[in-house]
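Ligands are counted one by one from 1 in listed order, and the atoms in each one are counted from 1 as well.
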Amino acid sequence: MANFETVEVSTDLLIVGGGFTACGAATEAAYWAKKNGLKVTVVDKAALDRSGAIAMGLSAINQYVGLREGDNTCEEYVNYVRQDLMGISREDLVYNIARHVDSSVHLFEKWGLKIWLDEDGKYVHEGRWQLMINGESYKILIAEAAKNAINDAGGEIIERVFICEPLMDGNKCVGAIGFSTREEKIYVFKAKATITAMGGAVHVFRPRSAGEGFGRSWYPPFNTGSSAFFTIKAGAEMTCQEVRFIPVRFKDAYGPVGAWFLLFKSRAISATGGEYMAVRKDELQNWAPYGLVKPIPANLRNYLGMLDVEAGLGPLYMETDEAIAKIADEFKDDPKAFKKKMKELDSEAWEDFLDMTISQAHLWAALNVKPDEKHSEIAACEPYFIGSHSGASGAWVSGPEDLDTPYKWGYANMTTVDGLFAAGDASGASSHKFSSGSHAEGRIAGMAAIKYVVDNNNEPNVDAAQVEALSKKITAPIKLYDAHCNETTQPEVNPNYIKPDQFMHRLQKIMDEYAGGVSSAFKTSKSLLERAMELFVYLKEDSAKIGAANLHELMRGWENMHRMYQGEAHVRTMLFRDETRWPGYYYRADTPTMDNDNWLCFANCRMDPATEEWEMMKRDIWTLPE
Ligand SMILES: Cc1cc2nc3c(=O)[nH]c(=O)nc-3n(C[C@H](O)[C@H](O)[C@H](O)COP(=O)(O)OP(=O)(O)OC[C@H]3O[C@@H](n4cnc5c(N)ncnc54)[C@H](O)[C@@H]3O)c2cc1C
């Protein structure tokens with residue numbers, strides 16, 4: 001029988017999550033904490049060195065404005081994000097990140113990251129905003145800097161603790177509670193301020209990968225909606241919960257396409273329809289003004305390819321052979337230079353995968369793919385929640401103090417809950433921050449949270465009864481399983497509990513079939529979403545009956561609890577937004593056009609933590625003055 005002991009950790013600032021945002025927050029907060037004699041504690045469900053979306057490494061830094069070089073302005077970055085998100089973005093947040101992101105990149109370089117340089121010593125760009133890197137060890141370097149900063153400031157890093165819920169004192173967050181994934185221990189963190197940075201969510205929707213491939217997805221399987229759950233459960237206002245991200249990637253191993261499109265200038269075609277971006281250009285008129293301005297928003301690029309697939313013109317292909325041939329053509333009159341260039345392109349193509357999606361290199365090798373000889377299949381992935389990339393879902397946070405906006409209630413990146421900050425994937429409506437921008441936003445939140453603690457240096461009032469009740473709730477799946485697992489010959493089949501993976505499949509089936517997943521061709525409607533909500537009632541009821549055989553399954557159970565709330569917020573907000581704004585992410589078949597008169601606004605929501613009743617609201621868009 002499980003016997004959990006309770007470990008109590010008191011701190012001034014608690015950072016939950018250990019990814020890029022948390023590392024940025026830790027690095028910056030530690031500096032200010034040391035000056036003010038405060039303690040910073042970081043808690044991660046995994047190990048900082050290789051946790052989060054960048055665990056495997058990356059081949060490009062996707063946000064670099066180039067202020068020092070005079071390449072771009074912050075306003076231009078804001079325009080780019082507004083355009084890509086079809087008008088829906090918190091321009092104050094995007095601007096704030098843009099003006100700080102370059103300094104994060106310069107720090108990365110100082111800490112040892114190899115950013116590609118050209119013969120003149122300038123950064124090699126993949127595209128206008130992207131820099132090429134040798135990024136296999138990207139996460140290790142950034143984590144090392146965070147660890148050094150925390151150690152130097154006398155803080156604490158606790159790994160392999162899964163955070164389940166926030167601890168609340170009315171509308172103030174006073175810490176968090178979770179459990180060790182390795183030992184029978186409940187962790188109670190008491191904090192004067194908390195930053196949530198637990199990434200986005202995958203496997204809310206049924207993935208394309210099935211059977212032995214299950215678990216393979218574009219978004220890393222270990223981020224499961226904990227940021228969204230944490231802020232929703234704290235009673236924070238959430239934004240852009242309807243905005244999912246569907247990347248188009250190399251099919252089945254989800255390998256990156258950025259280098260192919262941006263660096264190698266490759267074309268994408270359908271098997272019999274030609275280059276869908278050219279053939280279906282007229283469709284873009286329907287999504288004006290965004291469809292008519294370059295770069296065409298990612299969702300619209302998806303959409304044109306999806307139209308080809310729907311018309312039976314698939315599969316879609318990346319023309320790798322054609323792109324390589326075009327680049328090498330310059331050297332055709334010099335056989336030696338030609339051979340050298342081909343070798344260079346070949347190694348760049350493979351390194352792109354080896355840096356960040358090794359399984360794509362495996363798949364190419366397994367299928368005898370030579371990118372210079374034959375094109376490769378691409379496809380739209382299943383939907384994900386990633387507010388830092390081309391999605392936007394997250395908490396509604398206070399904007400920077402120096403901009404005159406309607407979005408300020410004190411401290412930068414504080415949610416509508418007192419003392420609770422959010423950044424990176426956890427903060428919403430500020431897409432396209434990627435790795436570097438998430439780090440920069442983490443730094444912004446880290447500094448603001450320390451300022452909050454300095455101004456509000458009161459001991460957190462943690463209610464013992466709340467801790468007791470949550471401890472019981474956290475371990476309930478283990479107790480339920482223990483009590484009943486011997487009552488059936490197959491412990492997986494038992495009327496008293498549902499196993500975490502069975503629960504997950506049920507959630508995924510609802511999301512896939514009713515909320516616009518892969519099998520419904522990313523289409524949904526009011527009636528389908530209402531049916532999803534009916535099924536969610538039963539799903540939620542059964543979430544109290546998740547049974548876990550061990551600590552690992554306990555984590556799986558809690559991951560699915562978190563996914564379920566992310567799913568519910570998504571369904572509710574798609575239902576609320578009576579239009580189709582991002583047709584290549586989801587398509588409301590009953591309201592198939594964009595309605596700028598009524599919906600050029602944020603669709604926000606808030607769940608009352610006591611009653612679990614949801615309130616939906618619109619919020620105005622503030623546009624950065626030219
Ligand atoms: C496939 C892919 C490719 C990408 N490519 C690029 C690229 O080429 N260039 C680029 O600049 N950016 C890229 N990005 C974006 C970049 O990875 C993210 O912007 C960045 O990782 C966001 O940082 P984060 O800290 O918010 O989330 P993450 O870095 O994902 O960190 C989340 C952290 O939360 C922890 N966590 C999760 N749940 C819990 C819990 N319950 N309790 C405790 N801890 C928890 C995790 O262990 C992890 O430490 C890519 C992202 C993906 C998914």
Please state which part of L58 comes within less than 4.0 Å of ligand 1, counting heavy atoms only: side chain, backbone, both or neither. side chain
Evaluate the ring planes of F250 and W260, with Trp represented by its six-membered ring, and classify them as parallel (under 30°), tilted (30 to 60°) or perpendicular (over 60°). perpendicular
Numbered in order shown, the ligand 1 atoms found under 4.0 Å of a heavy atom of V161 are 42 (N), 43 (C)
NZ/NE/NH1/NH2 to OD/OE distance under 4.0 Å, E553 and R556: no
Would you say S51 and K139 are linked by a side-chain donor-acceptor pair, where the criterion is simply a distance under 3.5 Å? yes
Among all protein non-hydrogen atoms, which one is nearest to atom 29 (O) of ligand 1, and what is the separation to 0.1 Å? F20 N, 3.2 Å
List the atom of N62, the atom of Y77, and the distance in Å for their closest heavy-atom pair. O-OH, 4.5 Å
Ranking K45, H389, E559, M198 by closest non-hydrogen atom to atom 15 (C) of ligand 1, top hit is H389
So the atoms of ligand 1 within less than 4.0 Å of a heavy atom of Y219 turn out to be 53 (C)
Numbered in order shown, the ligand 1 atoms found under 4.0 Å of a heavy atom of I54 are 16 (C), 17 (O), 21 (O)
Is A197 touching ligand 1 with its side chain, its backbone, both, or neither, if touching means heavy atoms under 4.0 Å apart? backbone
Among all protein non-hydrogen atoms, which one is nearest to atom 19 (O) of ligand 1, and what is the separation to 0.1 Å? S388 OG, 2.6 Å
Checking heavy atoms under 4.0 Å, the part of S435 that sits near ligand 1 is both
Any chance NZ of K472 has more than 12 other-residue heavy atoms, nucleotides or ligands included, within less than 6.0 Å? no
Would you check if the side chain of K433 reaches a backbone N or O of A440 as a donor-acceptor pair within less than 3.5 Å? no
G199 heavy atoms, cut-off 4.0 Å: which ligand 1 atoms fall inside? 27 (O), 32 (C)
Student check: side-chain heavy atoms of S471 and I177 closer than 4.5 Å: yes
Using a strict cut-off of 4.0 Å, indicate which atoms of ligand 1 neighbour a heavy atom of P220. 53 (C)
Given F434, W218, F162, which one has a non-hydrogen atom that is nearest to atom 1 (C) of ligand 1? W218
With heavy-atom distances below 4.0 Å as the criterion, list the atoms of ligand 1 near D44. 35 (C), 43 (C), 44 (N), 46 (C), 47 (O), 48 (C), 49 (O)
Check if V16 has a non-hydrogen atom at a distance under 4.0 Å from any atom of ligand 1. no
So the atoms of ligand 1 within less than 4.0 Å of a heavy atom of T21 turn out to be 23 (O), 24 (P), 25 (O), 26 (O)
Salt bridge check: are E382 and R249 linked by an N-O gap of less than 4.0 Å? no
Can you name the atoms of ligand 1, numbered from 1 with element, that are less than 4.0 Å from a heavy atom of A60? 7 (C), 8 (O), 9 (N), 10 (C), 11 (O)
Start with the C-alpha distance between H432 and F434, add both sets of side-chain angles, then the distance that settles ring-ring contact (aromatic ring centres under 6.0 Å, His included), and finish with yes or no. CA-CA 5 Å; H432 291 274; F434 303 104; 5.3 Å; yes
Hey, can you tell me if W582 and Y586 have their rings parallel, tilted or perpendicular (30° and 60° cut-offs)? tilted
